[in-house]
Amino acid sequence: MTAEAEVVHAAIRDAAQSAADSARQAAQDMSGIRDAAHSQGSAIMPSEDLANAEPHDLKLLVETMDSKLEAAQNVIASTRDQFEQAAARLRARL
């Protein structure tokens, strides 16, 4: 393998590793968000109480789930940025 081919191979390997690391971290972050949403939602309004829910409980539930959705959107945006940065580094080396 030529020196140039080794550099390209290393760049591909580094970009793939970076993308894999980003994906693993995003999966962990999303799992935490999902678990928090589930436990907080259940604490605010247990499923057996849905028929008798008070308006303030519904409002709190919606606000809580909205914050979890925002957190998930932030993870997605951050992961997308990290993927784009890895791709840009790879393109710069090719």
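This one's a predicted model, so the numbers in the text were calculated from it and none came from an experiment.
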Could you tell me whether E84 atom CD has more than 12 heavy atoms of other residues or ligands within 6.0 Å of it? yes

Which residues pass the side chain to side chain contact (heavy atoms under 4.5 Å, CB included) test with L90, sequence neighbours left out? A11, I12, A15, L94

Between CD1 on residue I44 and NE2 on residue H56, distance to nearest 0.5 Å: 11.5 Å

Who passes side chain to side chain donor-acceptor pair (under 3.5 Å) against Q28, sequence neighbours left out? none

Looking at A37 and K68, what are the two nearest heavy atoms and their distance? CB-CG, 3.6 Å

Are the side chain of S42 and the backbone of S39 linked by a donor-acceptor contact shorter than 3.5 Å? no

Side-chain contact, heavy-atom cut-off 4.5 Å: S18 with Q85? no

Kindly compute the distance separating CD (E54) from CE (M45), expressed to the nearest 0.5 Å. 9.0 Å

List for me each residue that meets side chain to side chain donor-acceptor pair (under 3.5 Å) alongside R80, sequence neighbours excluded, and say none if there are none. none

Not counting sequence neighbours, which residues clear salt bridge (charged side-chain N to carboxylate O under 4.0 Å, His left out) with E70? List them please. none

Rest of the hydrophobic cluster containing M30 (Ile/Leu/Val/Met/Phe/Trp/Tyr, side-chain heavy atoms under 4.5 Å)? I33, V75, I76

Measuring from S78:OG to Q73:CD, what's the distance to the nearest 0.5 Å? 13.5 Å

Could you pull out all residues at least two apart from S31 that satisfy side chain to side chain contact (heavy atoms under 4.5 Å, CB included)? R34, D35

Check whether any side-chain heavy atom of Q82 lies under 4.5 Å from a side-chain heavy atom of Q25, and answer yes or no. no

Set of side chain to side chain contact (heavy atoms under 4.5 Å, CB included) partners for E6, sequence neighbours left out: M1

Partners passing side chain to side chain donor-acceptor pair (under 3.5 Å) against T64 (at least two apart in sequence or in another chain): none

According to salt bridge (charged side-chain N to carboxylate O under 4.0 Å, His left out), who are the partners of D57, at least two apart in sequence or on a separate chain? none

Suppose we screen for side chain to side chain contact (heavy atoms under 4.5 Å, CB included). Which residues come up paired with P46, at least two apart in sequence or across chains? E48, D49

By side chain to side chain donor-acceptor pair (under 3.5 Å), R24 pairs with (sequence neighbours left out) D21

Tracing side-chain contacts under 4.5 Å among Ile, Leu, Val, Met, Phe, Trp and Tyr outward from F83 reaches none

Please determine whether residues L58 and M65 belong to a single hydrophobic cluster, defined as Ile, Leu, Val, Met, Phe, Trp and Tyr linked transitively by side-chain heavy-atom distances below 4.5 Å. yes

